[in-house]
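Down below is the structure, laid out as C-alpha coordinates.
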There are 2 protein chains.
Amino acid sequence: MIKKVYLAGPEVFLSNAIEIGKKKKDLCKKYGFEGIFPLDNEINFDLLRPYETGLKISQINEELLKKCDLVIANITPFRGPSADVGTIFEIGFAKGLGLIIFAYTNTKILFTERTVGFVGIRSNTDFTNLRDHNDMKIEQFGMTDNLMIDGGIVNDKGMIFSGDVPEHELYTSLVVFEECLKYMQLHLI
Amino acid sequence: MIKKVYLAGPEVFLSNAIEIGKKKKDLCKKYGFEGIFPLDNEINFDLLRPYETGLKISQINEELLKKCDLVIANITPFRGPSADVGTIFEIGFAKGLGLIIFAYTNTKILFTERTVGFVGIRSNTDFTNLRDHNDMKIEQFGMTDNLMIDGGIVNDKGMIFSGDVPEHELYTSLVVFEECLKYMQLHLI
(Lines give C-alpha, C1' and ligand atoms only; values in the text may rest on other atoms or scores of the structure.)
Protein backbone atom coordinates (compact mmCIF):
# COMPACT_ATOMS: atom_id res chain seq x y z
CA MET A 1 0.00 0.00 0.00
CA ILE A 2 1.53 3.31 -1.08
CA LYS A 3 1.80 5.73 1.82
CA LYS A 4 -0.01 9.07 1.49
CA VAL A 5 1.97 12.18 2.38
CA TYR A 6 0.25 15.47 3.16
CA LEU A 7 2.38 18.30 1.77
CA ALA A 8 2.03 21.19 4.22
CA GLY A 9 3.71 24.52 3.60
CA PRO A 10 3.40 28.20 2.72
CA GLU A 11 3.84 27.49 -1.00
CA VAL A 12 0.03 27.43 -1.16
CA PHE A 13 0.36 31.23 -1.10
CA LEU A 14 2.57 31.40 -4.21
CA SER A 15 1.01 32.55 -7.46
CA ASN A 16 2.26 29.29 -9.03
CA ALA A 17 1.10 27.18 -6.10
CA ILE A 18 -0.53 24.55 -8.30
CA GLU A 19 2.65 24.12 -10.35
CA ILE A 20 4.79 23.76 -7.21
CA GLY A 21 2.24 21.33 -5.82
CA LYS A 22 2.51 19.23 -8.95
CA LYS A 23 6.33 19.19 -8.72
CA LYS A 24 6.11 18.08 -5.10
CA LYS A 25 3.64 15.34 -5.96
CA ASP A 26 5.88 14.16 -8.84
CA LEU A 27 8.86 13.96 -6.48
CA CYS A 28 6.78 11.99 -3.97
CA LYS A 29 5.90 9.52 -6.72
CA LYS A 30 9.58 9.20 -7.71
CA TYR A 31 10.38 8.07 -4.15
CA GLY A 32 7.42 5.74 -3.78
CA PHE A 33 4.87 7.95 -2.01
CA GLU A 34 1.61 9.60 -2.95
CA GLY A 35 1.70 13.32 -2.30
CA ILE A 36 -1.47 15.15 -1.25
CA PHE A 37 -1.35 18.92 -1.75
CA PRO A 38 -3.67 21.06 0.37
CA LEU A 39 -6.38 23.10 -1.22
CA ASP A 40 -6.06 26.80 -1.12
CA ASN A 41 -5.46 28.88 -4.20
CA GLU A 42 -6.96 26.28 -6.44
CA ILE A 43 -10.54 26.55 -5.32
CA ASN A 44 -13.23 29.01 -6.11
CA PHE A 45 -16.26 28.96 -3.90
CA ASP A 46 -18.18 31.63 -5.75
CA LEU A 47 -21.33 31.15 -3.76
CA LEU A 48 -19.71 31.53 -0.36
CA ARG A 49 -18.69 34.69 1.44
CA PRO A 50 -14.96 35.00 2.31
CA TYR A 51 -15.36 33.88 5.93
CA GLU A 52 -17.36 30.79 4.96
CA THR A 53 -14.81 30.03 2.22
CA GLY A 54 -12.02 30.08 4.82
CA LEU A 55 -13.95 27.73 7.10
CA LYS A 56 -14.62 25.36 4.19
CA ILE A 57 -10.96 25.21 3.12
CA SER A 58 -9.96 24.47 6.72
CA GLN A 59 -12.46 21.62 6.87
CA ILE A 60 -11.32 20.15 3.54
CA ASN A 61 -7.65 20.28 4.56
CA GLU A 62 -8.39 18.57 7.88
CA GLU A 63 -10.26 15.84 6.01
CA LEU A 64 -7.30 15.42 3.63
CA LEU A 65 -4.93 15.09 6.58
CA LYS A 66 -7.10 12.37 8.12
CA LYS A 67 -6.60 10.30 4.97
CA CYS A 68 -2.79 10.55 5.10
CA ASP A 69 -0.12 8.43 6.79
CA LEU A 70 2.62 11.03 6.87
CA VAL A 71 3.27 14.74 6.63
CA ILE A 72 6.14 16.59 5.03
CA ALA A 73 5.91 20.16 6.30
CA ASN A 74 7.82 23.10 4.87
CA ILE A 75 8.78 25.00 8.03
CA THR A 76 10.91 27.64 6.30
CA PRO A 77 10.43 30.89 8.30
CA PHE A 78 7.48 32.85 6.95
CA ARG A 79 6.65 36.50 7.73
CA GLY A 80 8.54 36.40 11.02
CA PRO A 81 11.04 34.20 12.86
CA SER A 82 8.84 31.09 12.80
CA ALA A 83 7.17 28.87 10.23
CA ASP A 84 3.76 29.59 8.68
CA VAL A 85 1.09 29.08 11.37
CA GLY A 86 -1.24 27.22 8.99
CA THR A 87 1.53 24.68 8.47
CA ILE A 88 2.19 24.53 12.22
CA PHE A 89 -1.49 23.88 12.93
CA GLU A 90 -1.36 21.01 10.44
CA ILE A 91 1.76 19.55 12.10
CA GLY A 92 0.03 19.65 15.48
CA PHE A 93 -3.21 18.22 14.11
CA ALA A 94 -1.31 15.40 12.37
CA LYS A 95 0.58 14.65 15.59
CA GLY A 96 -2.70 14.48 17.49
CA LEU A 97 -4.01 12.04 14.87
CA GLY A 98 -0.90 9.88 15.22
CA LEU A 99 0.72 10.57 11.83
CA ILE A 100 4.52 10.55 11.44
CA ILE A 101 5.78 14.02 10.63
CA PHE A 102 8.78 15.09 8.61
CA ALA A 103 9.74 18.70 8.07
CA TYR A 104 12.24 20.70 6.09
CA THR A 105 13.41 24.27 6.11
CA ASN A 106 15.30 26.18 3.45
CA THR A 107 17.59 27.89 5.94
CA LYS A 108 20.19 26.53 8.32
CA ILE A 109 19.90 29.53 10.64
CA LEU A 110 18.49 28.28 13.93
CA PHE A 111 15.48 29.68 15.77
CA THR A 112 17.33 31.59 18.51
CA GLU A 113 19.45 33.50 16.00
CA ARG A 114 16.45 34.22 13.77
CA THR A 115 14.39 35.50 16.70
CA VAL A 116 17.20 37.74 17.98
CA GLY A 117 17.63 39.12 14.44
CA PHE A 118 13.92 39.68 14.19
CA VAL A 119 12.83 41.14 17.52
CA GLY A 120 16.17 42.19 19.01
CA ILE A 121 17.16 41.71 22.62
CA ARG A 122 16.58 43.79 25.72
CA SER A 123 19.44 46.03 26.72
CA ASN A 124 21.54 44.41 29.46
CA THR A 125 20.11 41.04 28.55
CA ASP A 126 21.68 38.04 30.24
CA PHE A 127 23.06 35.92 27.40
CA THR A 128 22.26 32.74 29.31
CA ASN A 129 18.61 33.86 29.50
CA LEU A 130 17.87 35.97 26.42
CA ARG A 131 14.92 38.36 26.66
CA ASP A 132 13.27 40.58 24.05
CA HIS A 133 12.20 44.22 24.54
CA ASN A 134 8.95 43.05 26.19
CA ASP A 135 11.10 41.09 28.65
CA MET A 136 9.79 37.90 27.07
CA LYS A 137 12.04 34.87 26.88
CA ILE A 138 13.77 33.92 23.63
CA GLU A 139 14.10 30.13 23.50
CA GLN A 140 17.72 28.85 23.50
CA PHE A 141 17.39 25.16 22.81
CA GLY A 142 19.48 24.92 19.62
CA MET A 143 16.32 24.10 17.70
CA THR A 144 14.88 24.79 14.26
CA ASP A 145 11.77 26.51 15.64
CA ASN A 146 9.74 26.69 18.87
CA LEU A 147 10.31 23.61 21.05
CA MET A 148 6.78 22.31 20.53
CA ILE A 149 7.51 22.03 16.79
CA ASP A 150 10.93 20.38 17.00
CA GLY A 151 9.82 18.20 19.90
CA GLY A 152 6.52 17.25 18.27
CA ILE A 153 8.42 15.97 15.25
CA VAL A 154 11.64 14.58 16.71
CA ASN A 155 10.26 12.92 19.86
CA ASP A 156 8.41 10.62 17.48
CA LYS A 157 9.77 8.89 14.36
CA GLY A 158 10.00 12.12 12.38
CA MET A 159 12.98 14.25 11.39
CA ILE A 160 13.75 17.82 10.41
CA PHE A 161 15.94 18.53 7.38
CA SER A 162 17.55 21.88 6.74
CA GLY A 163 19.70 23.43 4.05
CA ASP A 164 20.58 26.78 2.59
CA VAL A 165 19.15 27.77 -0.78
CA PRO A 166 19.51 30.90 -2.92
CA GLU A 167 17.42 33.67 -1.33
CA HIS A 168 15.10 34.08 -4.32
CA GLU A 169 14.27 30.36 -4.07
CA LEU A 170 13.45 30.44 -0.35
CA TYR A 171 9.83 29.37 -0.92
CA THR A 172 10.27 27.43 -4.15
CA SER A 173 13.45 25.32 -3.84
CA LEU A 174 12.72 21.61 -3.52
CA VAL A 175 16.31 20.49 -2.89
CA VAL A 176 15.89 19.95 0.87
CA PHE A 177 12.39 18.56 0.30
CA GLU A 178 13.92 15.91 -1.96
CA GLU A 179 16.58 15.05 0.66
CA CYS A 180 13.75 14.39 3.06
CA LEU A 181 12.03 12.10 0.54
CA LYS A 182 15.28 10.18 -0.05
CA TYR A 183 15.58 9.54 3.68
CA MET A 184 11.94 8.49 3.88
CA GLN A 185 12.36 6.06 0.97
CA LEU A 186 15.22 4.32 2.76
CA HIS A 187 13.57 4.23 6.17
CA LEU A 188 9.80 4.05 5.73
CA ILE A 189 8.94 1.91 2.72
CA MET B 1 -16.43 15.85 36.96
CA ILE B 2 -14.63 19.19 36.69
CA LYS B 3 -13.38 19.79 33.16
CA LYS B 4 -9.64 20.32 32.72
CA VAL B 5 -8.57 23.28 30.56
CA TYR B 6 -5.08 23.49 29.06
CA LEU B 7 -3.96 27.13 29.11
CA ALA B 8 -1.90 27.65 25.95
CA GLY B 9 -0.26 30.97 25.18
CA PRO B 10 2.92 33.01 24.89
CA GLU B 11 2.71 34.16 28.52
CA VAL B 12 5.01 31.22 29.30
CA PHE B 13 7.75 33.53 27.99
CA LEU B 14 7.02 36.33 30.47
CA SER B 15 9.40 36.79 33.40
CA ASN B 16 6.36 36.47 35.69
CA ALA B 17 4.94 33.47 33.83
CA ILE B 18 4.25 31.49 36.98
CA GLU B 19 2.32 34.38 38.54
CA ILE B 20 0.22 34.84 35.36
CA GLY B 21 -0.34 31.10 35.25
CA LYS B 22 -1.62 31.16 38.81
CA LYS B 23 -4.01 34.02 37.99
CA LYS B 24 -5.33 32.09 34.99
CA LYS B 25 -5.81 28.96 37.08
CA ASP B 26 -7.63 30.97 39.79
CA LEU B 27 -9.98 32.41 37.17
CA CYS B 28 -10.64 28.92 35.78
CA LYS B 29 -11.58 27.77 39.28
CA LYS B 30 -13.92 30.76 39.71
CA TYR B 31 -15.86 29.64 36.63
CA GLY B 32 -15.92 25.94 37.49
CA PHE B 33 -12.93 24.60 35.54
CA GLU B 34 -9.49 23.28 36.42
CA GLY B 35 -6.75 25.17 34.60
CA ILE B 36 -3.57 23.39 33.55
CA PHE B 37 -0.65 25.69 32.78
CA PRO B 38 2.10 24.38 30.47
CA LEU B 39 5.59 23.91 31.74
CA ASP B 40 8.27 26.17 30.45
CA ASN B 41 9.96 28.73 32.64
CA GLU B 42 9.21 26.82 35.77
CA ILE B 43 11.44 23.85 35.19
CA ASN B 44 15.11 23.35 35.57
CA PHE B 45 16.59 20.29 33.97
CA ASP B 46 20.11 20.86 35.17
CA LEU B 47 21.37 17.53 33.97
CA LEU B 48 20.12 17.91 30.40
CA ARG B 49 21.66 19.85 27.55
CA PRO B 50 19.49 22.63 26.04
CA TYR B 51 18.28 20.56 23.07
CA GLU B 52 17.25 17.63 25.28
CA THR B 53 15.56 20.06 27.68
CA GLY B 54 13.48 21.43 24.81
CA LEU B 55 12.47 17.92 23.73
CA LYS B 56 11.51 17.03 27.30
CA ILE B 57 9.33 20.13 27.77
CA SER B 58 7.56 19.35 24.48
CA GLN B 59 6.86 15.81 25.63
CA ILE B 60 5.56 16.95 29.04
CA ASN B 61 3.26 19.56 27.46
CA GLU B 62 1.84 16.99 25.03
CA GLU B 63 1.17 14.65 27.95
CA LEU B 64 -0.58 17.47 29.84
CA LEU B 65 -2.76 18.18 26.79
CA LYS B 66 -3.78 14.53 26.58
CA LYS B 67 -5.20 14.78 30.10
CA CYS B 68 -7.34 17.82 29.31
CA ASP B 69 -10.90 18.19 27.97
CA LEU B 70 -10.57 21.71 26.62
CA VAL B 71 -8.05 24.32 25.57
CA ILE B 72 -8.11 28.07 26.01
CA ALA B 73 -5.41 29.42 23.72
CA ASN B 74 -4.07 32.96 23.82
CA ILE B 75 -3.69 33.75 20.10
CA THR B 76 -2.66 37.39 20.55
CA PRO B 77 -0.19 38.14 17.71
CA PHE B 78 3.36 37.35 18.82
CA ARG B 79 6.57 38.44 17.05
CA GLY B 80 4.80 38.81 13.71
CA PRO B 81 1.29 38.98 12.28
CA SER B 82 0.23 35.58 13.68
CA ALA B 83 -0.06 33.90 17.06
CA ASP B 84 2.84 32.15 18.81
CA VAL B 85 3.64 28.94 16.91
CA GLY B 86 4.01 26.89 20.08
CA THR B 87 0.44 27.82 20.94
CA ILE B 88 -0.69 27.04 17.39
CA PHE B 89 0.94 23.61 17.52
CA GLU B 90 -0.97 22.94 20.74
CA ILE B 91 -4.26 24.03 19.16
CA GLY B 92 -3.68 21.66 16.24
CA PHE B 93 -2.59 18.82 18.50
CA ALA B 94 -5.64 19.29 20.71
CA LYS B 95 -7.91 19.32 17.64
CA GLY B 96 -6.34 16.08 16.44
CA LEU B 97 -7.01 14.57 19.88
CA GLY B 98 -10.65 15.71 19.74
CA LEU B 99 -10.56 18.41 22.43
CA ILE B 100 -12.82 21.47 22.21
CA ILE B 101 -10.77 24.60 21.66
CA PHE B 102 -11.46 28.14 22.73
CA ALA B 103 -9.16 31.03 21.92
CA TYR B 104 -8.83 34.69 22.73
CA THR B 105 -6.79 37.54 21.39
CA ASN B 106 -6.03 40.90 22.97
CA THR B 107 -6.51 42.82 19.73
CA LYS B 108 -9.54 43.32 17.52
CA ILE B 109 -7.41 44.00 14.43
CA LEU B 110 -8.03 41.17 11.99
CA PHE B 111 -5.39 39.01 10.29
CA THR B 112 -5.49 40.62 6.84
CA GLU B 113 -4.91 44.10 8.22
CA ARG B 114 -2.16 42.88 10.56
CA THR B 115 -0.37 41.06 7.75
CA VAL B 116 -0.56 44.04 5.39
CA GLY B 117 0.79 46.25 8.17
CA PHE B 118 3.54 43.78 8.83
CA VAL B 119 4.83 42.67 5.43
CA GLY B 120 3.34 45.35 3.18
CA ILE B 121 1.82 44.71 -0.22
CA ARG B 122 3.29 44.41 -3.71
CA SER B 123 3.13 47.54 -5.82
CA ASN B 124 0.14 47.38 -8.21
CA THR B 125 -1.45 44.73 -6.03
CA ASP B 126 -5.00 43.75 -6.89
CA PHE B 127 -7.04 44.58 -3.78
CA THR B 128 -9.34 41.63 -4.40
CA ASN B 129 -6.26 39.35 -4.36
CA LEU B 130 -3.68 40.90 -2.04
CA ARG B 131 -0.07 39.86 -2.56
CA ASP B 132 3.08 40.61 -0.57
CA HIS B 133 6.48 41.60 -2.01
CA ASN B 134 7.30 37.93 -2.66
CA ASP B 135 4.06 37.73 -4.69
CA MET B 136 2.65 35.49 -1.97
CA LYS B 137 -1.05 35.65 -1.18
CA ILE B 138 -2.33 37.51 1.87
CA GLU B 139 -5.45 35.75 3.14
CA GLN B 140 -8.64 37.84 2.98
CA PHE B 141 -11.19 35.80 4.87
CA GLY B 142 -12.14 38.30 7.58
CA MET B 143 -10.55 36.01 10.13
CA THR B 144 -8.59 36.38 13.36
CA ASP B 145 -5.58 34.46 12.02
CA ASN B 146 -4.71 31.95 9.27
CA LEU B 147 -7.80 30.02 8.12
CA MET B 148 -6.57 26.72 9.59
CA ILE B 149 -6.62 28.34 13.05
CA ASP B 150 -10.03 30.01 12.84
CA GLY B 151 -11.51 27.04 11.00
CA GLY B 152 -9.96 24.49 13.35
CA ILE B 153 -11.63 26.23 16.28
CA VAL B 154 -14.91 27.51 14.85
CA ASN B 155 -15.87 24.52 12.66
CA ASP B 156 -16.13 22.60 15.91
CA LYS B 157 -17.78 23.70 19.15
CA GLY B 158 -15.10 26.28 19.94
CA MET B 159 -15.14 30.05 19.72
CA ILE B 160 -12.68 32.91 19.38
CA PHE B 161 -12.98 35.96 21.64
CA SER B 162 -11.26 39.25 20.89
CA GLY B 163 -10.96 42.62 22.57
CA ASP B 164 -8.64 45.58 22.72
CA VAL B 165 -6.48 46.09 25.80
CA PRO B 166 -3.93 48.75 26.75
CA GLU B 167 -0.77 48.14 24.72
CA HIS B 168 1.45 47.53 27.74
CA GLU B 169 -0.98 44.79 28.83
CA LEU B 170 -1.00 43.00 25.47
CA TYR B 171 0.47 39.79 26.90
CA THR B 172 -0.78 40.10 30.47
CA SER B 173 -4.40 41.31 30.35
CA LEU B 174 -6.89 38.62 31.34
CA VAL B 175 -10.06 40.60 30.53
CA VAL B 176 -10.81 38.78 27.27
CA PHE B 177 -9.65 35.48 28.79
CA GLU B 178 -12.28 35.96 31.50
CA GLU B 179 -15.00 36.71 28.91
CA CYS B 180 -14.15 33.39 27.33
CA LEU B 181 -14.48 31.61 30.69
CA LYS B 182 -17.86 33.27 31.32
CA TYR B 183 -19.13 31.96 28.00
CA MET B 184 -17.76 28.50 28.72
CA GLN B 185 -19.44 28.42 32.14
CA LEU B 186 -22.82 29.12 30.56
CA HIS B 187 -22.42 26.70 27.68
CA LEU B 188 -20.20 23.84 28.74
CA ILE B 189 -20.86 22.95 32.38
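In what follows, chains carry the letters A, B, and so on, assigned in the order in which the sequence lines appear, proteins first and then strands, with residues in each chain numbered from 1.
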Are [Y] and [X] linked, directly or through intermediate hydrophobic residues, by side-chain heavy-atom contacts shorter than 4.5 Å (ILVMFWY only)?
X	Y	answer
Y183(A)	I2(A)	no
V5(A)	Y31(A)	yes
I121(A)	L110(A)	no
F93(B)	L64(A)	yes
L130(A)	M143(A)	no

Indicate the atoms forming the closest heavy-atom contact of [X] with [Y], along with that distance.
X	Y	result
Q140(A)	P50(B)	O-CB, 3.5 Å
M136(B)	L14(A)	CG-CD2, 3.7 Å
I88(B)	V85(A)	CG2-O, 3.3 Å
R131(A)	S15(B)	NH1-N, 3.4 Å

Chain A heavy atoms under 4.5 Å from T87(B): which part of the residue, side chain, backbone, both or neither?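 Neither part; nothing is under 4.5 Å.
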With a 4.5 angstrom heavy-atom cut-off, which part of F118(B) approaches chain A: side chain, backbone, both or neither?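 When you check distances to chain A, only side chain atoms of F118(B) fall under 4.5 Å.
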Looking only at heavy atoms, which of residues 94-109 of chain B get nearer than 4.5 Å to chain A?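 If one takes a 4.5 Å heavy-atom cut-off, the residues of residues 94-109 of chain B near chain A are K95(B), G96(B), L97(B).
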Suppose a student defines contact as a heavy atom less than 4.5 Å from any heavy atom of chain A. Which residues in residues 74-84 of chain B would they list?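 Contacts with chain A: F78(B), R79(B), G80(B), P81(B), S82(B), A83(B), D84(B).
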For atom CG of L48(A), decide whether the heavy atoms of other residues, nucleotides or ligands shown that lie under 6.0 angstrom number more than 12.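 Atom CG in L48(A) is packed in, count exceeds 12.
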Side chain, backbone, both or neither of [X] within contact of chain B (heavy atoms, under 4.5 Å):
X	answer
V119(A)	side chain
E90(A)	side chain
Q59(A)	both

Most contacts with chain B, counted as non-hydrogen pairs under 4.5 angstrom, among D145(A), L170(A), I138(A):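 Of the candidates given, the most pairs with chain B belong to I138(A).
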Tell me, out of E62(A), K66(A), H168(A), who's got the most heavy-atom pairs with chain B below 4.5 Å.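 Heavy-atom pair counts peak at E62(A).
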Which distance, rounded to the nearest 0.5 Å, do you find between the OG1 of T53(A) and the CG of L147(B)?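 T53(A) OG1 to L147(B) CG: 10.0 Å, rounded to 0.5 Å.
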Looking only at heavy atoms, which of residues 148-160 of chain A get nearer than 4.5 Å to chain B?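 From residues 148-160 of chain A, the residues near chain B are M148(A), I149(A), D150(A), G151(A), G152(A), V154(A), N155(A).
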Within-4.5 Å side-chain heavy-atom neighbours: N146(B) and F89(A):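 They are not in side-chain contact.
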Does any non-hydrogen side-chain atom of I57(B) lie less than 4.5 Å from one of F141(A)?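 Of all side-chain heavy-atom pairs linking I57(B) with F141(A), at least one is under 4.5 Å.
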Test of understanding: with salt bridge (charged side-chain N to carboxylate O under 4.0 Å, His left out), list the residues that count as partners of E113(B), not counting sequence neighbours.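 Checked E113(B) against salt bridge (charged side-chain N to carboxylate O under 4.0 Å, His left out); zero matches.
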Residue, of L65(B), L55(B), D132(B), N16(B), that accumulates the most heavy atom pairs under 4.5 Å with chain A: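 Looking at each of L65(B), L55(B), D132(B), N16(B) in turn, L55(B) comes out on top.
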